[in-house]
Amino acid sequence: MIRCGIIGYGFLGRRLAKHLTGYRERGLKLTLLANSKGYLHVEDGLDIEGLMEEISTHPGFRASHPMEAIENGLADLLIVLTPTNVYNGEPGLTYIREALGRGIDVVTADKGPLVIAFRELTSLARSMGASLCYEATVGGGIPVFSLARHSLRGDRILSIRGILNGTTNYILTRMHFEGLTLDLALQEAQMMGLAERDPGLDLGGIDSACKVVILANALLGLDKKLEDVKVKGITQVTPDAILAAKELGMTIKLVGSVGDGKLSVAPRLVRLNHPLCVHGTLNAIQFKMEVMGDLTLIGRGAGESTVSALLSDIEWIISQRTSPREGH
Ligand SMILES: NC(=O)c1ccc[n+]([C@@H]2O[C@H](COP(=O)([O-])OP(=O)(O)OC[C@H]3O[C@@H](n4cnc5c(N)ncnc54)[C@H](OP(=O)(O)O)[C@@H]3O)[C@@H](O)[C@H]2O)c1
């Protein structure tokens, strides 16, 4: 039986835990939950239905550093859902490093550790015979990495482009269809809970740039860092510029791309009938393949749909544990 732990019991952690209740017959039990205040461990498996949202008030909760649970080997599979810090990767980076170093499989939605230490972590996983899965870090529930590695393995990815940030795409969509200013569209996004109170990373293009780095390293075999991405955000995009694009049958989208070893994020003109021209909070990712040509995936880039990507990674790890066959 695989003992599964979730580090970071917030929006995604709580939703994922509910889905894991039926996994006992699949050979997995949830034994560990941790937040910033400590952790809760039940070796026989946690009763999620009976658990309160705030685990810190549970009688079995230990107000100790969650690293203690990793060091004491309380999980065989760790799901790391900690807040993203794209400048130092913490706190997720240390958890992932410690877990992989002990041969514990890791699934994460936290971009920070992968942006900071992609090669280090993937090499560590390989040397320890552990899996590191990160489908949820790019495009929410869209199966970017598993599709590329499994269904597209006979072909070659030449370049990747995408609308990788739902918040900026929502703002640009409202500017295009309603003629709103960027400030008004941002306020609307914040009221709807689609934008952070500090939306700098989204508007400045840094969130998209992080996803470009992960795509480049994971799918094109590059070794790039955030500083290798030429980044321009959407703060200078005006209603007039969008109107001018509209008159030409186009709009402005924040496009992240990697090809010929170059990584960039910038507002670009996109034809209204182009597959990448998705609206609202949708994300789109287009692979240029050597044999197939263009292939575009469209889906929700954040929110509850992200749990689908986490479950896909968990399923893959279960399958590897029961009959290991191929690389992820
Ligand atoms: N939400 C989405 O739609 C989405 C989509 C794709 C990727 N992601 C990424 O997935 C990760 C989780 O997202 P989320 O929305 O679930 O975040 P969230 O709601 O903010 O939850 C974060 C959790 O991490 C815990 N935490 C903070 N510092 C910690 C530490 N040092 N040690 C252990 N736990 C700590 C928090 O504890 P407290 O409860 O004690 O504060 C909280 O439970 C983030 O990296 C995010 O960027 C999210």
Side-chain angles (χ1 to χ4, degrees), residues 5-19 32-41 51-58 61-71 74-75 78-99 106-116 133-145 162 164-167 169-170 189 192-202 206-211 213-215 281-283 285 299-314:
I6 298 179
I7 307 280
Y9 195 58
F11 178 88
L12 288 182
R14 286 177 187 145
R15 283 158 181 81
L16 175 67
K18 289 205 172 75
H19 283 273
L32 173 71
L33 292 176
N35 61 18
S36 66
K37 300 158 205 98
Y39 66 90
L40 178 61
H41 170 250
L51 206 64
M52 280 169 291
E53 289 235 317
E54 183 47 67
I55 50 170
S56 326
T57 53
H58 192 283
F61 189 81
R62 280 178 70 89
S64 305
H65 200 292
M67 191 61 80
E68 188 181 281
I70 301 174
E71 286 165 358
L74 299 185
L78 207 65
I79 319 290
V80 178
L81 302 174
T82 40
T84 294
N85 181 321
V86 300
Y87 300 113
N88 64 16
E90 297 299 348
L93 179 55
T94 301
Y95 289 129
I96 295 176
R97 218 179 241 144
E98 286 297 317
V106 172
V107 169
T108 189
D110 184 351
K111 294 176 287 295
L114 297 170
V115 169
I116 298 295
C133 300
Y134 43 84
E135 187 66 83
T137 56
V138 180
I142 306 174
V144 183
F145 300 105
L164 303 169
N165 180 272
T167 305
N169 204 41
Y170 177 84
M192 294 172 72
L194 299 173
E196 304 288 331
R197 274 160 74 90
D198 174 10
L201 290 182
D202 292 329
I206 301 296
D207 176 74
S208 296
C210 289
K211 291 163 180 168
V213 169
I214 298 173
L215 288 168
T281 56
L282 283 177
N283 280 21
I285 294 163
R300 290 199 198 94
E304 186 133 18
S305 64
T306 309
V307 173
S308 168
L310 296 171
L311 290 169
S312 161
D313 282 344
I314 291 167

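A quick note: this is a predicted structure, and the numbers were derived from the prediction, not measured. Start at 1 and go down the list; that is how both ligands and their atoms are numbered.
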*What heavy-atom pair brings Ala99 and Val106 nearest, and what distance separates the two atoms?*
CB-CG2, 3.7 Å
*Smallest separation among heavy atoms of Gly299 and Ile142, with atom names*: N-CD1, 3.4 Å
Those atoms of ligand 1 less than 4.0 Å from some heavy atom in [X]:
X: Asn35; answer: 32 (N), 33 (C), 34 (N), 35 (C), 37 (O), 38 (P), 39 (O), 40 (O), 43 (O)
X: Asp110; answer: 45 (O)
X: Ala302; answer: 3 (O)

Closest approach of any protein heavy atom to [atom], naming residue and atom:
atom: atom 21 (O) of ligand 1; answer: Gly10 CA, 3.3 Å
atom: atom 32 (N) of ligand 1; answer: Tyr95 OH, 2.6 Å
atom: atom 22 (C) of ligand 1; answer: Leu81 O, 3.7 Å
atom: atom 2 (C) of ligand 1; answer: Gly303 N, 3.8 Å
atom: atom 7 (C) of ligand 1; answer: Ala109 O, 3.5 Å
atom: atom 20 (O) of ligand 1; answer: Pro83 CG, 4.7 Å
atom: atom 11 (C) of ligand 1; answer: Thr82 O, 3.3 Å

*State whether the shortest distance between N or O atoms of Phe11 and N or O atoms of ligand 1 falls below 3.5 angstrom.*
yes
*Using distance alone, determine whether Pro91 and ligand 1 share an N or O pair under 3.5 Å.*
no
_ring-ring contact (aromatic ring centres under 6.0 Å, His included), that's the test. Do Phe61 and Tyr39 meet it? Break it down for me._
CA-CA 6 Å; Phe61 189 81; Tyr39 66 90; 7.6 Å; no
*With no hydrogens and no angle check, is any side-chain donor or acceptor of Glu135 less than 3.5 Å from a backbone partner on Val144?*
yes
*Distance only, no hydrogens: is a donor on one side chain within 3.5 Å (strictly under) of an acceptor on the other, for Thr94 and Glu98?*
no
*Side-chain donor-acceptor pair present, Thr82, Asp110, cut-off under 3.5 Å*: yes
_Over 60° means perpendicular and under 30° means parallel, so tell me whether Phe145 and Tyr134 are parallel, tilted or perpendicular._
perpendicular
*More than 12 foreign heavy atoms under 6.0 Å from CD of Glu68: is that the case here?*
yes
_Crowding at CZ, Arg300 (>12 non-hydrogen neighbours, <6.0 Å)_ = no
_Just to be sure I'm reading this right: ignoring hydrogens, which of Leu12, Leu201, Thr306 gets closest to atom 8 (N) of ligand 1? Compare them by their nearest heavy atoms._
Leu12
*So which of Gly141, Ser36, Gly13 gets nearest to atom 29 (C) of ligand 1, if we judge by its closest heavy atom?*
Ser36
_A cation-pi test, strictly: NZ or CZ of Arg15 under 6.0 Å from the centre of the six-membered ring of Phe11 and no more than 45 degrees from its axis. Yes or no?_
yes
_Heavy-atom distances under 4.0 Å decide this one: backbone, side chain, both or neither, for Ala136 against ligand 1?_
backbone
*Taking non-hydrogen atoms only, is Thr84 closer than 4.0 angstrom to ligand 1 via side chain, backbone, both or neither?*
both
*Could you tell me if any non-hydrogen atom of Gly140 lies under 4.0 Å from any atom of ligand 1?*
no
*Distance in Å, Cys210 SG paired with Leu114 CG, rounded so as to fall on 0.5 Å steps*: 10.0 Å
*Does atom 24 (O) of ligand 1 have any protein heavy atom closer than 4.0 Å?*
yes
